[in-house]
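Comments concern the structure below.
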Amino acid sequence: ECEKVPHQYEFGRLNITNTVMSKRYLRQLVDQGYVDGYDDPRMPTLVALKRKGFTADSIKNFILYTGLSRINSTTNADNLDYFLREEQKLKATRPMAVLNPLKVVIDNYPEGQIEYVEASNNMENEELGTRQIAFGKYLDIEQEDFIEEKPNRKWKRLSLGDEVRLMHAYFIRCNSVVKDENGKVIELHCTYDPATKSGSGFNERKPNGTIHYVEATTALPATFNLYEPLVFDETEI
């Protein structure tokens with residue numbers, strides 16, 4: 001009769017590009033103060049991923065995607081982000097936010113007037129309902145959504161003389177810009193077309209793309225933590 005003994009299965013290490021995976025190096029990063037702790041969002045630990053916004057299901061799906069190999073393997077860090085987006089895309093509400101604001105003045109909109117337009121919380125999942133967002137004379141858009149001179153036909157955002165749709169709101173046309181002493185554009189003067197309100201069925205002309213915005217006087221301040229990888233090349237560590 002054969003004696004029953006434990007059997008050990010060994011699987012290869014899963015490496016992720018631009019990510020420090022070695023426990024020894026991770027401890028060194030913490031001990032030497034390069035990161036705030038094991039829950040620093042740049043770390044690959046579970047507590048760090050949770051703090052960064054990852055869910056248990058997104059991590060499980062990522063691991064299942066990579067497979068259980070007996071040899072060392074490497075996967076791209078973008079795959080981890082992909083599975084979080086896939087897991088959350090039908091669950092998360094999607095409010096609008098502006099990180100690098102550029103001031104927009106709607107010259108033909110009444111001073112002091114604020115109106116609210118209806119917007120879906122998630123355009124891919126109607127069950128999450130709708131919300132009301134503000135529109136008024138003073139708006140903020142992303143700086144990267146405007147360029148003074150349109151570079152080519154592929155540019156589908158705002159430029160001087162062009163017209164775009166503000167998401168869930170109206171078409172606006174940029175007529176002039178204000179620059180600082182260094183020549184940087186700091187303010188746009190635009191006009192809006194009341195006939196182009198989202199949901200009205202207007203189809204007489206097409207805008208040069210759609211951009212998001214926030215109404216400047218009612219927008220809430222927010223903190224955005226933008227994390228870069230600890231390793232910038234694809235070296236396995």
Side-chain angles (χ1 to χ4, degrees), residues 8-102 122-125 140-147 151-152 154-157 167 182 184-185 209 211-212 214 219-237:
Q8 178 175 322
Y9 292 92
E10 293 190 7
F11 293 93
R13 173 173 138 177
L14 173 62
N15 295 298
I16 303 175
T17 58
N18 306 103
T19 307
V20 180
M21 301 298 290
S22 165
K23 294 188 287 295
R24 178 165 60 90
Y25 288 137
L26 291 174
R27 180 175 180 177
Q28 187 175 342
L29 289 172
V30 174
D31 291 345
Q32 296 184 5
Y34 290 105
V35 296
D36 295 333
Y38 288 102
D39 64 344
D40 187 296
R42 294 168 293 178
M43 300 278 273
T45 60
L46 289 178
V47 287
L49 290 173
K50 181 179 180 181
R51 183 181 172 191
K52 197 175 180 181
F54 281 84
T55 62
D57 285 342
S58 64
I59 296 173
K60 290 176 184 176
N61 292 336
F62 167 71
I63 296 299
L64 291 174
Y65 161 79
T66 61
L68 297 174
S69 174
R70 295 194 178 188
I71 61 174
N72 293 348
S73 59
T74 301
T75 188
N76 196 296
D78 291 340
N79 291 330
L80 185 56
D81 295 330
Y82 167 81
F83 281 99
L84 177 61
R85 290 193 298 269
E86 285 296 299
E87 197 267 329
Q88 287 289 295
K89 70 178 183 180
L90 298 180
K91 299 179 181 178
T93 56
R94 303 178 185 181
M96 294 193 291
V98 172
L99 274 67
N100 299 303
L102 175 60
N122 185 320
M123 289 187 287
E124 295 182 77
N125 185 0
D140 287 323
I141 65 170
E142 289 284 358
Q143 291 184 12
E144 65 180 22
D145 283 342
F146 174 79
I147 192 167
N152 51 55
K154 294 182 179 180
W155 177 262
K156 293 301 180 184
R157 286 172 277 180
M167 190 174 292
N182 298 316
K184 179 182 178 181
V185 176
I211 63 174
H212 70 284
V214 294
L220 299 175
T223 299
F224 299 90
N225 297 313
L226 305 178
Y227 296 102
E228 297 290 341
L230 285 172
V231 182
F232 287 105
D233 58 27
E234 297 189 357
T235 304
E236 298 172 10
I237 300 178

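Here the structure is a predicted model, which means the values were calculated and not measured. Along the sequence shown, residues are numbered consecutively beginning with 1.
- Salt-bridge check for Lys60 with Glu87: failed, with every basic side-chain N at 4.0 Å or more from each acidic carboxylate O.
- When every heavy atom of Leu14 is checked against every heavy atom of Thr66, the shortest pair comes out as CD2-OG1, 3.9 Å.
- Here CG of Leu29 is found 9.0 Å from CG of Asp40. Values are rounded to the nearest 0.5 Å.
- Closest approach of Glu144 to Arg157, counting heavy atoms only: O-NH1, 3.0 Å.
- Shortest non-hydrogen contact noted between Asn15 and Arg13 is OD1-NE, 2.8 Å.
- Pairs of residues two or more places apart, or lying in two chains, never qualify as salt bridge (charged side-chain N to carboxylate O under 4.0 Å, His left out) while including a residue from residues 64-73.
- A pairwise comparison of heavy atoms in Lys91 and Asp57 identifies NZ-OD2, 4.4 Å as the closest pair.
- Pairs engaging residues 223-232 under the side-chain hydrogen bond (donor to acceptor under 3.5 Å, both in side chains) rule: none recorded [sequence neighbours left out].
- Counting non-hydrogen atoms of neighbouring residues, nucleotides and ligands closer than 6.0 angstrom, the CZ atom of Phe11 exceeds 12 such neighbours.
- Atom CZ in Phe54 sits 4.5 Å away from atom CG in Asp81 (nearest 0.5 Å).
- In this structure, Asn18 contributes its side chain and Val231 its backbone to a donor-acceptor pair below 3.5 Å.
- Summarising the local packing, OH of Tyr38 is surrounded by more than 12 heavy atoms from other residues, nucleotides or ligands at distances under 6.0 Å.
- Rounding to the nearest 0.5 Å places CG of Asp140 at 12.0 Å from CG of Leu99.
- Counting only heavy atoms from C-beta outward, the side chains of His212 and Arg94 never approach each other to under 4.5 Å.
- From Ile59, atom CD1 reaches atom CG of Leu84 across 8.5 Å, with rounding to the nearest 0.5 Å.
- Shown here is Ile63, whose CD1 atom has more than 12 heavy atoms of other residues, nucleotides or ligands within 6.0 Å.
- The shortest distance between side-chain heavy atoms of Val35 and Met43 falls below 4.5 Å.
- Under the 4.5 Å side-chain criterion, counting only non-hydrogen atoms from C-beta, Leu230 is not in contact with Tyr34.
- Heavy atoms only, all atoms of each residue included: Glu142 and Val98 are closest at OE2-CA, 3.2 Å.
- Ile211 CD1 to Phe146 CZ: the interatomic distance, rounded to the nearest 0.5 Å, is 10.0 Å.
- Distance check: Gln88 CD to Thr93 OG1 gives 9.5 Å after rounding to the nearest 0.5 Å.
- Atom CD1 of Ile71 has 12 or fewer heavy atoms from other residues, nucleotides or ligands within 6.0 Å.
- Closest of all the heavy-atom pairs between Pro44 and Thr19 is CB-CG2, 3.7 Å.
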